[in-house]
**Q** 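First the structure, which I've put down as structure tokens, then a few questions once you've had a look.
Nothing here was measured: the structure is a model prediction, and the numbers come from that model. Chain letters run A, B, ... following the sequence lines, proteins first and then strands; every chain starts at 1.
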Amino acid sequence: MPELPEVETTVRDLQKKVLNRTFLDVWTDFPKMIKQPESFEQFKKEIKGKKIEKIWRRGKNIIFDLSGSYSLLIHQKLTGHLLIGNWELEIACPVGSRRLSFGGKWKPLKKGPLEEPVNRYIHLMFWLDKGLMLALSDLRKFAKIELLNKETLKKELSSFGPEPLGKNFTFEKFQACFKDKKGKIKQVLMDQNVIAGIGNIYSDEALWRAKIHPLKDALVLKEKELKEIYKAIQEVLKKAIELGGESISDYRNPEGKKGFFDKERRVYQREGEKCSRCATKIKRLKIAGRSAYFCPSCQKGEEDKFSSSPSLP
DNA sequence: AATCGTTCCTGATAGC
DNA sequence: TGCTATCAGGAACGAT
């Protein structure tokens with residue numbers, strides 16, 4: 001699942017490899033992923049000949065500013081990957097085929113993890129100049145692409161909360177994010193309009209680091225607790241970027257390589273394992289339809305209210 | 001106006 | 001063995 005650190009890793013890689021490249025052509029077998037403009041033909045017409053002038057990130061969104069008045073907005077959602085290849089692949093990816101070899105070899109279509117050279121999940125392919133290709137693979141087909149003029153883009157991004165690693169993102173600004181924000185802290189942290197870029201993994205990891213129970217009401221958090229969360233978010237996101245993101249699920253960078261955040265992952269998808277701080281078994285619960293992993297001992301909180309026996313007179 | 005449930009999609013896994 | 005049912009997951013959208 002790409003969240004801020006994975007998207008950042010992807011963006012940095014893209015900046016190195018496809019900045020200043022020009023789109024020559026595009027292919028898809030799933031036009032539905034392109035939300036704007038409405039027809040793929042229109043999309044193709046607009047993007048052909050446009051140069052990638054800037055590559056940046058806002059929350060979990062990747063943005064290519066193009067020559068002319070458009071920007072390309074890409075959201076990878078759960079299983080999207082932007083992958084870079086080269087023109088050898090043009091032969092390997094004839095229009096209409098679901099097969100593509102990133103190792104330069106043909107293989108029959110079959111099931112398999114992403115490490116295999118065959119990636120049958122590529123649903124969008126760009127041909128760039130200088131012999132490069134940029135593919136979007138997406139197992140779940142939830143990824144979203146939009147070609148927007150700069151003003152519409154600005155509007156779309158305007159509701160997002162601040163960047164947690166932004167230069168002037170002070171504690172006071174963080175604190176302000178929570179003003180009048182009802183709901184459990186876990187939910188609030190994942191709300192892109194409160195703070196941008198945090199999803200299921202890093203909300204769990206940050207709350208574990210801050211020793212805050214995910215079910216705790218955001219409104220009742222004391223300044224001291226908020227400070228802990230603020231610190232934890234920045235630390236865990238920075239660490240994850242340093243390590244190239246997490247790959248517990250299927251995230252890969254544009255070269256198809258895994259990230260190494262796994263060695264820092266303390267609670268997410270570790271139900272039943274021992275907490276690395278106190279050896280208590282990690283628990284999982286559902287919050288607003290999402291899994292939340294936490295240590296019931298380190299992260300004391302709401303459920304104690306209900307589980308403790310009432311005191312007798 | 002906020003908040004809840006549903007939807008998109010497919011692979012993995014559980015249950016029979 | 002092979003089938004079907006259930007679930008995960010971000011965010012847009014519809015419903016209340």
Side-chain angles (χ1 to χ4, degrees), chain A residues 1-8 10 28-36 38 57-63 73-82 98-99 109-116 118-124 136-146 148 152-153 155-161 164 177-206 214-215 217-219 237 240 245-252 265 267-272 282-294:
Chain A
M1 251 188 316
E3 298 180 24
L4 189 151
E6 291 74 35
V7 179
E8 181 64 28
T10 298
T28 187
D29 68 346
F30 190 64
K32 236 178 122 176
M33 79 165 83
I34 293 147
K35 309 290 178 194
Q36 215 43 258
E38 278 177 30
R57 178 187 65 72
R58 181 75 174 92
K60 303 176 197 169
N61 294 275
I62 297 169
I63 299 132
L73 179 84
I74 302 168
H75 195 306
Q76 306 175 93
K77 295 282 178 80
L78 304 171
T79 53
H81 307 82
L82 284 170
R98 293 178 143 254
R99 304 176 196 179
L109 184 63
K110 62 165 193 166
K111 291 189 180 183
L114 290 170
E115 286 87 352
E116 288 190 18
V118 172
N119 185 341
R120 68 202 189 91
Y121 304 115
I122 287 173
H123 298 299
L124 182 72
L136 178 67
S137 96
D138 187 12
L139 185 152
R140 293 276 186 276
K141 292 182 169 176
F142 284 172
K144 180 184 89 168
I145 306 265
E146 286 177 300
L148 306 165
T152 316
L153 174 76
K155 220 177 278 170
E156 282 216 6
L157 298 178
S158 64
S159 61
F160 279 59
C177 293
F178 289 87
K179 192 164 161 47
D180 301 328
K181 284 289 177 299
K182 286 179 213 158
K184 316 297 179 199
I185 180 63
K186 158 99 174 162
Q187 275 178 278
V188 177
L189 286 180
M190 292 203 299
D191 185 338
Q192 301 304 299
N193 297 331
V194 173
I195 181 166
I198 298 171
N200 220 10
I201 299 169
Y202 295 102
S203 57
D204 281 358
E205 294 298 320
L215 277 179
D217 251 311
L219 281 175
L237 294 178
E246 62 75 38
S247 290
I248 183 179
S249 170
D250 72 348
Y251 171 74
R252 300 294 183 276
R265 183 170 54 87
V267 284
Y268 183 75
Q269 287 202 6
R270 290 203 185 281
E271 187 180 16
I282 303 299
K283 269 194 180 175
R284 169 161 91 141
L285 48 82
K286 282 248 178 193
I287 301 176
R290 296 282 169 271
S291 299
Y293 300 86
F294 68 105

**Q** Do any N or O atoms from the side chain of A:R270 and from the backbone of A:G272 form a donor-acceptor pair under 3.5 angstrom?
**A** no
**Q** Take the protein atom CD of A:E3 and the nucleotide atom P of C:dG10, then report the distance between them rounded to whole Å.
**A** 7 Å
**Q** May I have the step-by-step check of salt bridge (charged side-chain N to carboxylate O under 4.0 Å, His left out) for A:K35 and A:E146, ending in yes or no?
**A** CA-CA 5 Å; A:K35 309 290 178 194; A:E146 286 177 300; over 6 Å; no
**Q** Looking across every strand, which nucleic acid part, if any, lies under 4.0 Å from A:S291 by heavy atom: base, sugar-phosphate, or nothing?
**A** sugar-phosphate
**Q** If you assign each of A:G183 and A:K32 to its closest nucleotide in DNA chain B, which residue comes earlier from the 5' end?
**A** A:G183
**Q** Round to a whole Å and report the spacing from NZ of A:K35 to P of C:dG10.
**A** 17 Å
**Q** Considering just the side-chain nitrogens and oxygens of A:Y121, establish if one lies under 4.0 Å of OP1 or OP2 belonging to B:dT10.
**A** no
**Q** Taking only side-chain nitrogens and oxygens of A:H75, does any of them come within less than 4.0 Å of OP1 or OP2 of C:dG10?
**A** no
**Q** Is A:R290 near enough to C:dG10 that one of its side-chain N or O atoms lies under 4.0 angstrom from OP1 or OP2?
**A** yes
**Q** Which of residues 187-197 of chain A have a heavy atom under 4.0 Å from DNA chain C?
**A** A:Q192
**Q** Do any N or O atoms from the side chain of A:Q192 and from the backbone of A:M190 form a donor-acceptor pair under 3.5 angstrom?
**A** yes
**Q** Name all pairs fulfilling the salt bridge (Lys or Arg N to Asp or Glu O under 4.0 Å) condition that reach into residues 185-199 of chain A, sequence neighbours left out, sorted by first residue then second.
**A** A:K186-A:D204
**Q** Drop me the distance from A:K181's NZ to A:L219's CG, to the nearest 0.5 angstrom.
**A** 9.5 Å
**Q** Under 4.0 angstrom, heavy atoms only, what part of the nucleic acid is A:N200 near: base, sugar-phosphate, or nothing?
**A** sugar-phosphate
**Q** Closest approach of A:E3 and A:I201, non-hydrogen atoms and distance?
**A** OE2-N, 2.8 Å
**Q** Are there any protein N/O atoms within less than 3.5 Å of an N/O atom in nucleotides 12-15 of chain C, and if so, which ones and at what distance?
**A**
none

**Q** For the pair made of NE2 in A:H81 and P in C:dG10, what is the distance, rounded to whole Å?
**A** 14 Å
**Q** Check A:S291 against A:R284 and note the closest heavy-atom contact, atom names and distance.
**A** OG-NH1, 2.9 Å
**Q** Tell me: CD of A:E156 to P of C:dA11, nearest whole Å?
**A** 13 Å
**Q** What nucleotide, of B:dT10, C:dA8, B:dC9, holds the atom closest to the side chain of A:L139?
**A** B:dT10
**Q** How many whole angstroms separate atom CG of A:D204 from atom P of C:dA8?
**A** 14 Å
**Q** Quick check on C:dG9: is either OP1 or OP2 less than 4.0 Å from any side-chain nitrogen or oxygen of A:Y268?
**A** yes
**Q** Measure CG/A:D180 against P/B:dA2 and give the value in whole Å, please.
**A** 10 Å
**Q** Stacking between C:dA11 and A:F142, yes or no? Criterion: centroid separation under 5.5 angstrom, plane angle under 30 degrees.
**A** no
**Q** Measure the distance from CE on A:M1 to C1' on B:dC9 and round it to the nearest whole Å.
**A** 16 Å
**Q** Output the rounded distance in Å from CG (A:L4) to P (C:dA11).
**A** 11 Å
**Q** Could you tell me whether the phosphate oxygens of B:dA2, OP1 or OP2, come under 4.0 Å of any side-chain nitrogen or oxygen in A:K182?
**A** no
**Q** Out of curiosity, A:T10 OG1 to A:I74 CD1, how far, rounded to the nearest 0.5 Å?
**A** 10.0 Å
**Q** I want to check one thing: is the phosphate of C:dG9, taken as OP1 and OP2, less than 4.0 Å away from some side-chain N or O of A:Q76?
**A** no
**Q** Looking at A:I145, A:N61, A:I62, which one forms a side-chain contact (heavy atoms from CB on, under 4.5 Å) with A:L73?
**A** A:N61
**Q** Any idea which heavy atoms bring A:T79 and A:L139 closest together, and the distance?
**A** OG1-N, 3.4 Å
